[in-house]
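Quick note on labels: first sequence line is chain A, next is B, and so on, each numbered from 1.
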Amino acid sequence: MDKRMNVVPLRAPETAEEPDHAEAMRIAEALLFAAAEPLGREELAGRLPEGADVERVLVDLRELYAGRGVNLVPVAGKWAFRTAGDLSFLLARDVVEPRRPSRAAMETLAIIAYHQPVTRAEIEEIRGVATSKGTLDTLIETGWVRLRGRRKAPGRPVTYGTTPAFLSHFGLDAIDDLPGLEELKGAGFLEGRLQGLAVPTPSDDTTLRDDEDPLDDEAFAPLDPGDGPEDAQES
Amino acid sequence: MDKRMNVVPLRAPETAEEPDHAEAMRIAEALLFAAAEPLGREELAGRLPEGADVERVLVDLRELYAGRGVNLVPVAGKWAFRTAGDLSFLLARDVVEPRRPSRAAMETLAIIAYHQPVTRAEIEEIRGVATSKGTLDTLIETGWVRLRGRRKAPGRPVTYGTTPAFLSHFGLDAIDDLPGLEELKGAGFLEGRLQGLAVPTPSDDTTLRDDEDPLDDEAFAPLDPGDGPEDAQES
Amino acid sequence: MAETLPFEEDVDLAERATGEPALHVDVDGFEGPLDLLLELARRQKVDLHRISILALSEQYLAFIEEAREMRLELAADYLVMAAWLAYLKSRLLLPEPPKGEEPSAGDLAAALALRLRRLEAIREAAKSLGERHQLGRDVFARGRPEPVEIRREPVWEASLYDLLTAYARQRQKRAVERVTMPHRQVWSLVEAREALQHLVGEARDWTALDAYLVRYMVAPHMRPTVLASALSATLEMAREGRLVLRQDKPFAPIWVRAHGAATAVSAES
């Protein structure tokens, strides 16, 4: 569509036989603008000066507004002004809404980060509670977690891992910048006397591991539904 | 006004320095058409493409619509599309005639508009009659009049002023556009009422004047009851 | 579009007149004495700048007088104005006294004229305001504005600190759950009593408690619990009259012996 102002000169507005065509267009324009509902030909005809050519008024008005920010469009056999289709983005405004992940989501995210590639069952085993599908969905929505592949194991469960967006959000150069056990203890995140706790060295290498298959199927889209219980002890 | 379609060719829409002027006009047109309320320069600027000349867009749009059935008009310091005034006889036909404000209400409104900020006692002094509480309440309910603050004077009477809705309803861009303001000023009717304080022009500026205090109390809600007699010679 | 505004109906003066005496109507129709004065001035059909305040005062007073004769109720402010105008009239008719403290009659008349002109001016202003094209009456906004849809886009907020805290909290909790604490060894009160009953059986004579208990404190870590439980048990048994305790001074060894062989035996049975 030509986005430039499409200024259509009125066709012979001063011809003797239709001296009021321009005025009829003005009136129709105002009526259509002020109307709460689309107007039909008859409704318009009833308001236009005697002898006005409604059809021509509508055709000319439509042409006048073609290519403009507002168009005259037919709606269910009637006529109304509407924002031009290519400008419909103007009718929506994006409002940034800060949101904090739930505690369960943060814990799940942390486990995915350290233990990736990890399956839902493994996450649940580490956390000791069921992980709701919603929590994983939310994490995927944040763009921090992705579906990596499928574990070569019975049921072929999906494996989860972190994304480059995760690194950039948390200000990490690489996934192995995540502090290890000793650093976590040193920084006071873990109690020093804990024993028998292993913190893995995380890796988000995109190359699939030996025990991973690619996400060959198309059904990976939402989340694998059969991967675990839907209920959750967590909130 | 020339009622014929006033088709203004865009000024050099294809000059290299402002290739998007026509597009900016389309966007502004769409925004102003879609908006339920007048839009300010800043609101428009925020939605137009980077570097668009808002001022020129508005001037050109105004010119484009001059003489048409719908005009772009300055309202309360903002911009809005309105049906052309000369078509009122046609458009008003099916409008349920709103009950017209009483003479007392219109006079009170005029005094508030031209003398604002003004107290009830001052309104009564000009009219030479007690102002019924109902009249002021109605003007406030209509959204044309607001409680501004309190006069720094014995009794701390409430001061009244007009709202942007008042400007919008009467098609005024600013309070300075009140009809006959110059004559009233010239005749000295708007001066020197306040203890030698020369208040030469009405102001609906939300900033309180030197002789005004904020409406600090919570009891401002309906109207200050102690400001004047409740009875009224007017109905 | 145009909604009915909650304004009082603009009641026409003539309308108000219906069914009421003519003069009454006239007074009622005015909005106060200033309005009445302005109407009387208009009837003079001269510019308000050249109005004769004296003539105006006389007309007003005549009007009020007429109203009184008709026994019409007049609002107080009409009467106040009448009194003031009567005073003004007398001042205007009398020769002006030498310049005094009070404003001259001419000044008062001028002030009244100014008030009338100001009311006239604001009425004009109100009229031209009312004649403007009004939104929803003469001019119209878009009948069907297209609302802007607000799309909320979440921006997730979490810090590395939150992440590490969540990880550590989770791992630590599970680690603690899995740790089996070594069973703490205690010498129970029951065990202590049993042991002491043996002692009582043997100790016809004073016996050092510590010495007797050594056999139960083979493991060094048992010492505190054995001593504590044994002391509790001896106190209890002393109260029951089964044994007698002796300590020569604070922190000195504690001596124990049976209260009496007979009681001890009978108690045991």
Taking C-beta and beyond as the side chain, do [X] and [Y] meet within less than 4.5 Å on heavy atoms?
{"X": "C/Glu31", "Y": "B/Arg103", "answer": "yes"}
{"X": "C/Leu34", "Y": "B/Val129", "answer": "no"}
{"X": "B/Glu107", "Y": "C/Lys127", "answer": "no"}

- [ ] Could you pull out the closest heavy-atom pair between B/Phe170 and C/Arg132, with the gap in Å?
- [x]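 The answer is O-NE, 2.6 Å.
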
Contact class of [X] relative to chain C, heavy atoms under 4.5 angstrom:
{"X": "B/Ala35", "result": "backbone"}
{"X": "B/Leu32", "result": "neither"}
{"X": "B/Tyr114", "result": "side chain"}
{"X": "B/Leu184", "result": "side chain"}

To the nearest 0.5 angstrom, please state how far the [atom1] atom of [X] sits from the [atom2] atom of [Y].
{"X": "B/Ile126", "Y": "C/Leu119", "atom1": "CD1", "atom2": "CG", "result": "9.0 Å"}
{"X": "C/Arg118", "Y": "B/His115", "atom1": "CZ", "atom2": "NE2", "result": "6.5 Å"}
{"X": "B/Arg82", "Y": "C/Asp138", "atom1": "CZ", "atom2": "CG", "result": "12.5 Å"}
{"X": "C/Leu135", "Y": "B/Phe166", "atom1": "CG", "atom2": "CZ", "result": "13.0 Å"}
{"X": "B/Phe81", "Y": "C/Arg142", "atom1": "CZ", "atom2": "CZ", "result": "10.0 Å"}

Open item on the list: Taking side chain as everything from C-beta outward and backbone as N, CA, C, O, which of these in C/Leu37 sits under 4.5 Å from a heavy atom of chain B? Side chain, backbone, both or neither.
Closed with: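 No part of C/Leu37 comes within 4.5 Å of chain B.
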
Task: Engaged part of C/Arg117 at the chain B interface, taking heavy atoms whose separation is under 4.5 Å - done: both

TODO: Decide if atom CD of B/Glu37 counts as having more than 12 heavy atoms of other residues, nucleotides or ligands within a radius under 6.0 Å.
DONE: no

Task: Option that, when pairs with chain C are counted at under 4.5 Å, heavy atom only, ranks first among B/Gly128, B/Ala80, B/Ala110, B/Ala34 - done: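 If we count pairs closer than 4.5 Å to chain C, B/Ala34 comes out on top.
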
Open item on the list: Can a donor-acceptor pair be found, under 3.5 Å and without considering hydrogens, that links the side chain of B/Thr83 to the backbone of C/Phe140?
Closed with: yes

